[in-house]
Amino acid sequence: MIKQLAWNAFKNTGDINSYLEFVEVENMEKEIEKNLLITEEKKKPNLGENIGIDTK
C-alpha cells in the first residue's frame, strides 16, 4: 500500500525524493514488524519450566 502511495506521489509531483522517502518508510515498517516477531518469539513462556517438567 505504501509503495502505491509512493508511486502516486512520484507521478503527481515528479519528485523522486518523495518516492524514495516513502519506500524507506515501508522498509522501516517491515524491519519493525520483523523485530517485533523476533521479540514475541523470545517472550514465549515455558510453562513446564516452572514446575520442573521438560516440555521440549
Side-chain angles (χ1 to χ4, degrees):
M1 182 175 146
I2 290 180
K3 194 168 260 187
Q4 187 63 40
L5 180 65
W7 179 247
N8 288 337
F10 172 67
K11 287 193 306 188
N12 291 334
T13 64
D15 183 13
I16 190 69
N17 291 325
S18 61
Y19 174 77
L20 295 175
E21 286 177 20
F22 275 117
V23 170
E24 187 61 31
V25 167
E26 183 180 44
N27 291 338
M28 287 172 31
E29 283 183 340
K30 287 178 184 177
E31 271 303 307
I32 289 169
E33 190 173 300
K34 185 173 83 174
N35 289 338
L36 181 62
L37 290 174
I38 290 170
T39 302
E40 289 298 318
E41 187 71 27
K42 289 179 182 176
K43 287 184 179 179
K44 283 187 179 177
N46 184 353
L47 300 177
E49 185 177 279
N50 294 333
I51 57 173
I53 299 172
D54 186 15
T55 59
K56 293 181 182 178

TODO: List for me each residue that meets side chain to side chain contact (heavy atoms under 4.5 Å, CB included) alongside Glu33, sequence neighbours excluded, and say none if there are none.
DONE: none
Task: Set of residues satisfying side chain to side chain contact (heavy atoms under 4.5 Å, CB included) with respect to Ile16, sequence neighbours excluded - done: Phe10, Tyr19, Leu20
Open item on the list: Could you measure the distance from the CG atom of Asn12 to the CG atom of Asn8? Nearest 0.5 Å is fine.
Closed with: 6.5 Å
- [ ] With sequence neighbours left out, write down each residue that passes salt bridge (charged side-chain N to carboxylate O under 4.0 Å, His left out) with Lys34, or none if nothing qualifies.
- [x] Glu31
TODO: May I have all residue pairs that pass salt bridge (charged side-chain N to carboxylate O under 4.0 Å, His left out) and include part of residues 6-25, sequence neighbours excluded?
DONE: none
